[in-house]
Amino acid sequence: MKSFKEYSKPENKPTSETEQKTADTAADLTKKLAAAYNGKSNAAMLQNILREAEKSKRAGTLSDAEIENFYQSFAPMLDGAQRKRLRAVVERLKNI
């Protein structure tokens, strides 16, 4: 799994070429994550996401804004129950 640092801003209108590249990277990574977890249990998916995010958050390399941007990028690919569980994970990470 790549670093959560790959997530900069949600796919709103980028204001610069760098932001556009970052948005493209986030979108690509989100698609890769979805493909990697296709057919795997929700528990396994959330466990891996949480483990990587906790490691980055504790190391000071992951901000609350980046966590939220990850959620905004990934949530549209999930069903309602999965989105709710991911939101709970996001809130947990923000409190670390």
Side-chain angles (χ1 to χ4, degrees):
M1 176 185 232
K2 289 188 179 182
S3 167
F4 278 76
K5 271 302 219 192
E6 296 289 325
Y7 293 89
S8 175
K9 291 190 175 204
E11 289 191 35
N12 294 339
K13 206 172 195 179
T15 58
S16 72
E17 186 176 323
T18 301
E19 287 180 356
Q20 178 62 50
K21 286 180 184 177
T22 302
D24 292 343
T25 301
D28 291 341
L29 182 54
T30 301
K31 288 175 188 172
K32 288 177 188 175
L33 282 169
Y37 289 110
N38 188 23
K40 295 191 180 178
S41 74
N42 293 334
M45 176 183 68
L46 289 176
Q47 192 174 43
N48 286 335
I49 291 169
L50 183 58
R51 182 177 49 245
E52 289 298 316
E54 279 183 1
K55 184 169 55 172
S56 295
K57 181 78 175 187
R58 291 185 196 286
T61 60
L62 181 63
S63 71
D64 288 349
E66 290 166 324
I67 293 168
E68 186 61 33
N69 289 336
F70 168 78
Y71 175 82
Q72 294 299 325
S73 295
F74 201 74
M77 291 181 246
L78 304 174
D79 65 30
Q82 291 169 325
R83 244 188 324 274
K84 186 176 179 180
R85 284 190 294 269
L86 184 58
R87 172 50 66 190
V89 168
V90 164
E91 295 306 318
R92 177 178 165 190
L93 289 169
K94 286 181 177 181
N95 290 320
I96 290 177

Ionic contact status for Arg87 with Glu68, cut-off 4.0 Å: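 Yes, this pair counts.
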Do [X] and [Y] have side chains that get closer than 4.5 Å, going by heavy atoms?
X	Y	value
Lys57	Glu54	no
Lys94	Val90	yes
Tyr71	Arg83	yes

NZ (Lys55) with more than 12 external heavy atoms under 6.0 Å: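 Atom NZ in Lys55 is not crowded, with 12 or fewer foreign heavy atoms closer than 6.0 Å.
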Interatomic spacing from CD1 in Ile67 to CD1 in Ile96 - rounded to 0.5 Å: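 Between atom CD1 of Ile67 and atom CD1 of Ile96 there are 7.0 Å.
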Atom pair CG (Asp79) and NZ (Lys84), whose distance is rounded to the nearest 0.5 Å: 12.0 Å
Leu86 and Gln82: CA distance, side-chain angles, deciding distance, side chain to side chain contact (heavy atoms under 4.5 Å, CB included) verdict: CA-CA 6 Å; Leu86 184 58; Gln82 291 169 325; over 6 Å; no
Over all atoms of both residues, closest heavy-atom pair of Ala53 and Leu62: O-CD2, 3.5 Å
Test item: Ser56 side-chain N/O and Thr61 main-chain N/O as donor-acceptor pair under 3.5 Å: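 Pair absent, no side-chain N/O of Ser56 close to backbone of Thr61.
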